[in-house]
Amino acid sequence: MAAAAAPMRVPGMLDANLRVRGRVPYAMDLNVVGMLHAKLLRSPYAHARIVSVDASRARALSGVRAVLTGADLAERDDIYPYYGPIFRDQAALAMDKVRFAGDPVAAVAADDADIAQAALELIDVEYEELPAVFDVDAALAAGAPIVHDEPPRLGQTFADIIVRAEADTNICNHFKLRKGDVERAFAEADHVFENEFTSPPVQHVPMETHNCVAWIDAGIINVTTATQMPFAVRASLAEIFRVSQAKVRITTPTLGGGYGAKTYTKVEPIAALLAQAAGRPVRIHLTREEEFVTITKHGVKIRMKTGVTNDARIVARQSTCWFNTGAYADIGPRLIKNGGYATGGPHDIPNVWVDSYAVYTNLPPAGAFRGYGVSQAAWAYETQMDMIAAQLGWDPLEFRMKNLLEDGQAVMTGEDMFDAHFKELLGSAAERIGWDSAEQPQRTGSKVRAKGLACIIKGTVTPSTSTAAAKLNEDGSLQILSSAVEMGQGAETALSVLAAEGLDLRLDQVSISRPDTDVTPYDQGTSSSRNTYSMGTAVRMAVGDIRTQLLELAAAELEASPDDLELVAGRVQPRGVPDKSIAYGDLVRGSRSGNLLANGVYASKGGLDPETGQGIGSVHWHQAAAAVEVEVDLDTGKIDLLKYHAGVYAGRIVNPVQAELQTEGNIAFGLGQALFEEMIFDGGQLQNGNLGDYMIASMEDMPKEISLGILEHIEANDIHGIGETSLPPAMPAIGNAVYRATGVRITDLPITPEKVLRGLRARAAQESAE
Amino acid sequence: MTAADPSAPSTSPRPVDGEGKISLTLHVNGREEHLRARPHHTLLEVLRNELHLTGAREGCGVGMCGACTVLLDGRPISGCLLPAALAEGHELTTIEGLEGPNGELHPIQEAYVEHTGFQCSYCTPGFILTTKALLEERPDVSRDEAKAYLAGNLCRCGSYVKILDSVMDARDRLRGG
Ligand code: FES
Ligand code: FES
């Protein structure tokens with residue numbers, strides 16, 4: 001499709017100059033004339049019936065332009081004030097009851113943020129507290145309080161999810177995978193291991209919190225918003241306002257980080273409803289504390305049973321996963337599918353059985369988070385791999401090598417693996433870290449060092465769709481219309497490269513639009529490490545079409561066959577005859593069409609059988625490995641990361657610097673989740689909902705030595721997204737190293753000094769008892 | 001942000017207008033700026049909302065992330081913590097004040113471009129200004145010292161390796177130049 005010439009390479013980001021000046025605009029930098037500022041009143045209770053809301057004093061405050069309560073929304077039949085990508089279970093403002101501490105119950109738009117805040121304090125809400133559930137065990141217990149009493153309103157759903165919400169329970173969805181015959185395989189296995197692993201909820205902490213500006217202009221609902229999914233937000237607002245999608249316009253500037261937090265609808269409905277009520281533009285911009293309760297990574301409990309033979313082959317695995325999806329489903333019902341099948345791991349296991357549940361509780365909603373359920377799965381299986389190896393006296397590296405998937409072997413969803421590089425990734429990671437199975441932990445004073453490994457598989461959302469349009473102008477410049485969201489991953493730069501090389505243009509002759517749903521064609525969303533691959537394919541298709549048009553125009557002009565022509569530096573010429581070349585611009589002018597136009601539509605196929613979870617899980621499989629050396633202080637339990645190697649398969653690397661940045665970013669993300677990140681709740685109240693109490697990795701937490709192995713394999717003619725891929729191995733690799741250093745096996749993240757010390761004490765007590 | 005009732009009487013000794021605002025004079029990027037703000041408004045709010053200098057950004061509002069960093073008499077401070085009135089009489093520098101008169105990048109900015117010391121770049125102005133203060137204080141700073149100095153600035157994209165590369169390169173550019 002693209003030119004056969006050597007792939008173009010670019011360093012860094014095209015708009016780097018703006019970024020270091022602090023001049024790249026985010027949604028929150030937009031000012032619209034007459035704009036009001038909104039604030040939300042949130043429930044202090046995790047679960048309560050709303051008895052009454054009295055907002056009369058707030059409405060009377062000078063400078064207040066609109067106040068909305070759940071009752072105001074409930075009584076209108078010109079709107080349908082619910083949203084949620086799968087279930088419409090979240091209301092723009094809570095109506096009958098609140099379901100988590102932080103659920104919005106009223107909203108104010110005022111001349112400035114101070115006035116809006118003051119008005120909130122004048123709203124009186126009477127609640128009747130209800131019994132609540134916070135963990136999956138309590139939520140599934142007989143007689144548990146039910147988070148959603150009504151059956152969920154199903155929206156038009158996704159091709160790849162099966163919804164099995166169970167009435168009168170807190171089960172929000174159930175994914176099943178049935179491959180082979182696990183029962184027989186367990187009976188025949190030489191050893192069977194069964195363990196439980198947990199991961200806590202954590203927060204994405206994008207430095208830019210959710211924010212948007214909404215205004216209604218000549219009947220069009222406009223929202224400029226920090227979202228990863230402009231089209232999902234458009235569909236949602238069209239449904240809420242009962243208007244056609246053409247009456248909603250979403251524009252999205254660059255984001256200050258997303259990591260999954262900014263997928264699907266979040267703050268846009270209430271901003272638009274306030275804008276409608278006030279007849280003025282409205283900005284909403286969440287505080288950090290509000291961001292913490294807007295969306296989280298799923299806390300998960302996984303029970304994993306694995307059968308192995310004496311010659312170290314894995315023959316069966318059964319996993320049960322309980323994903324705590326919080327008070328509203330968000331994308332949880334689909335995430336449990338990816339997180340569920342991921343427990344099959346990157347191994348050739350003939351018999352796999354998975355039950356994966358999304359469970360409602362009275363915690364803030366959980367949704368997409370970098371890794372999309374795969375981190376939690378990898379924490380379980382890659383920790384268990386080392387537990388099995390330790391128990392049976394095997395080398396963790398060799399044990400993995402014996403079982404890692406090769407081309408032609410069936411992945412857990414049944415399709416054949418292709419373009420497999422697991423062994424190469426893990427092997428070189430082990431080598432880079434100096435892995436030696438005979439090596440004993442090295443002790444100096446109170447400190448002890450050891451190494452750990454992990455290797456993972458991850459799917460990308462399948463099936464999925466991206467579309468793009470290309471316009472070649474009369475001056476030979478190329479415009480790409482795409483709805484790819486730039487959130488720091490370098491989407492615009494990567495797409496520019498792919499477009500430019502398709503027509504042999506310079507990068508400065510190519511421009512990439514920002515998403516504007518009135519102008520740019522449909523895209524499913526910038527998530528799941530799919531952009532460079534899916535949108536990149538759509539862009540290459542559109543550009544390929546322009547290329548064909550240019551060749552045909554030039555062929556007519558030169559009285560030659562298109563096959564005898566070539567594109568060189570913005571001109572078409574007979575092969576090897578630059579004297580006869582014609583500039584693209586001249587061809588466009590000659591065509592009298594004003595510009596050459598083309599579309600690219602990429603839609604991947606696939607999907608899983610509802611009963612067996614077998615089919616096509618992913619168009620291709622992302623692959624990564626990590627190797628780490630840690631130093632643990634036996635007196636304090638403190639863990640330092642000495643060396644870290646991240647290996648990831650990229651297919652073709654489009655932008656090497658961005659590929660490194662994303663991989664290094666995954667190390668920072670991963671070590672935080674391995675060592676300290678955890679949202680702590682007490683009775684449903686978040687205890688550490690700001691950056692004073694919730695730690696994220698700083699520069700000093702980074703491993704002392706980092707090496708990257710971004711594996712390229714040009715011949716595969718494929719691009720693998722790497723935005724998330726190197727994240728999941730981080731947590732188990734670190735946990736495995738800590739175990740080898742201390743003999744303490746942690747199965748519940750994060751691996752805090754307290755847990756290590758407790759483990760050391762327990763071991764010492766056991767040894768002295770023996 | 002504190003939740004003050006704007007109609008409540010101010011404790012500030014200065015005259016307060018009908019909107020509860022006082023007059024302020026700030027020296028920002030070499031210019032004298034006259035503006036009005038409520039006594040509780042932070043320097044960050046005033047820079048963004050009154051002066052439209054949007055390079056300083058809120059990341060946490062509690063002094064923990066460094067996204068709101070500006071230089072006050074050359075020293076990095078958290079704009080989200082300082083009441084704007086307390087910045088009077090000091091020389092303030094924001095990221096917008098770093099470039100030359102014709103928009104030329106400062107050598108530190110050039111180093112960040114060269115190494116792509118960012119992804120989403122939300123944190124970048126804070127890092128660059130902190131780097132400036134660091135290199136003025138310690139022109140020969142080592143990589144490890146720089147790490148410790150910059151640990152108060154958070155980058156959730158985790159661009160730390162390339163940020164440090166940028167800082168070391170900026171050090172060399174400034175020493176050499
Ligand atoms: S916003 Fe000021 S330190 Fe985070
Ligand atoms: S580059 Fe995104 S937070 Fe630093």
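Since we're looking at a predicted model, the values are computed, not measured. Naming: A, B, ... by sequence-line order, numbering from 1 per chain.
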> Can you see which heavy atom on B:Ala85 is nearest to which on B:Leu24, and at what distance?
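Shortest heavy-atom separation between B:Ala85 and B:Leu24 comes out as CA-CD2, 3.6 Å.
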> Could you have a look at B:Pro125, B:Gly126, B:Ala151, B:Ala146 and say which one has the most heavy-atom pairs with chain A under 4.5 angstrom?
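It is B:Ala151.
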> Under 4.5 Å, counting heavy-atom pairs only, tell me which of A:Met702, A:Arg21, A:Glu664 racks up the most with chain B.
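Between A:Met702, A:Arg21, A:Glu664, the count favours A:Arg21.
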> Please state whether the side chain, the backbone, both or neither of A:Ile696 comes within less than 4.5 Å of a heavy atom of chain B.
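Both parts, backbone and side chain.
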> Counting heavy-atom pairs under 4.5 Å to chain A, which of B:Gly103, B:Gly117, B:Cys123 comes out on top?
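Option with the greatest count: B:Gly103.
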> Which pair of heavy atoms, one from B:Ile163 and one from B:Phe127, lies closest together, and at what distance?
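Of all heavy-atom pairs spanning B:Ile163 and B:Phe127, the closest is CG2-CD2, 3.7 Å.
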> Out of B:Cys65, B:Ala67, B:Ala148, which one racks up the most heavy-atom pairs below 4.5 Å with chain A?
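So the answer, after comparing B:Cys65, B:Ala67, B:Ala148, is B:Ala148.
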> Within this structure, what is the CD1-OG1 distance for the pair A:Ile710 and A:Thr663, rounded to the nearest 0.5 Å?
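A:Ile710 atom CD1 to A:Thr663 atom OG1 measures 4.0 Å (nearest 0.5 Å).
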> Between A:Glu700 and A:Ser698, is there a side-chain donor-acceptor contact under 3.5 Å, judged purely by atom types and distance?
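Short answer, no.
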> Can you give me the closest heavy-atom contact between B:Asn29 and B:Thr93, atom names plus distance?
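Smallest interatomic distance, heavy atoms only, reads OD1-CA, 3.3 Å.
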> Can you tell which of B:Gly55, B:Gly158, B:Ser121 has the highest number of heavy-atom pairs within less than 4.5 Å of chain A?
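Max contact count across the listed options: B:Ser121.
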> What part of B:His106 gets closer than 4.5 Å to chain A, counting heavy atoms only: side chain, backbone, both or neither?
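Interface part for B:His106: neither.
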> To the closest 0.5 Å, what do you measure between CG (B:Asp169) and CD (B:Glu114)?
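Those atoms lie 6.5 Å apart.
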> Please name the pair of heavy atoms, one in A:Met679 and one in A:Phe292, separated by the smallest distance, quoted to 0.1 Å.
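Looking at all heavy atoms of both residues, the shortest contact is CE-O, 3.2 Å.
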> Checking side chain to side chain contact (heavy atoms under 4.5 Å, CB included) for the pair A:Phe369/A:Ile295: CA distance, chi angles, key distance, verdict?
CA-CA 9 Å; A:Phe369 182 100; A:Ile295 193 76; over 6 Å; no
> Heavy-atom distances under 4.5 Å only: say whether A:Gln658 touches chain B with side chain, backbone, both or neither.
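Contact with chain B involves the side chain of A:Gln658 alone.
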> Please state whether the side chain, the backbone, both or neither of B:Thr124 comes within less than 4.5 Å of a heavy atom of chain A.
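Only the side chain of B:Thr124 comes within 4.5 Å of chain A.
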> Closest heavy-atom contact between B:Cys120 and A:Gly257?
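Between these two residues, the closest heavy atoms are CB-N, 3.5 Å.
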> Quick one: of B:Ile128, B:Asp144, B:Leu105, who has the most non-hydrogen atom pairs under 4.5 Å with chain A?
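Looking at each option in turn, the highest pair count goes to B:Leu105.
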> Examine whether an atom of A:Met207 lies under 4.5 Å from a heavy atom of chain B, and if so say whether it belongs to the side chain, the backbone or both; otherwise answer neither.
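Both backbone and side chain of A:Met207 come within 4.5 Å of chain B.
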> Give, as side chain, backbone, both or neither, the part of B:Val113 having an atom under 4.5 angstrom from any heavy atom of chain A.
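Its backbone and side chain both get close to chain A.
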> Relative to chain B, which segment of A:Asn31 carries a heavy atom at a distance below 4.5 Å: side chain, backbone, both, or neither?
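Side chain of A:Asn31 only, per the 4.5 Å heavy-atom cut-off to chain B.
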> Minimum heavy-atom separation for A:Pro206 and A:Glu291, please, with both atom names.
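That would be CG-OE2, 3.6 Å.
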> Counting only non-hydrogen atoms closer than 4.5 Å, does B:Glu99 touch chain A with its backbone (N, CA, C, O), its side chain (CB onward), both, or neither?
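Side chain only.
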> Find the one option among B:Leu164, B:Thr54, B:Leu53 whose heavy-atom pairs under 4.5 Å with chain A are most numerous.
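If we count pairs closer than 4.5 Å to chain A, B:Thr54 comes out on top.
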> Side chain, backbone, both or neither: which part of A:Ala16 has a non-hydrogen atom closer than 4.5 Å to chain B?
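Backbone plus side chain of A:Ala16, per the 4.5 Å heavy-atom cut-off to chain B.
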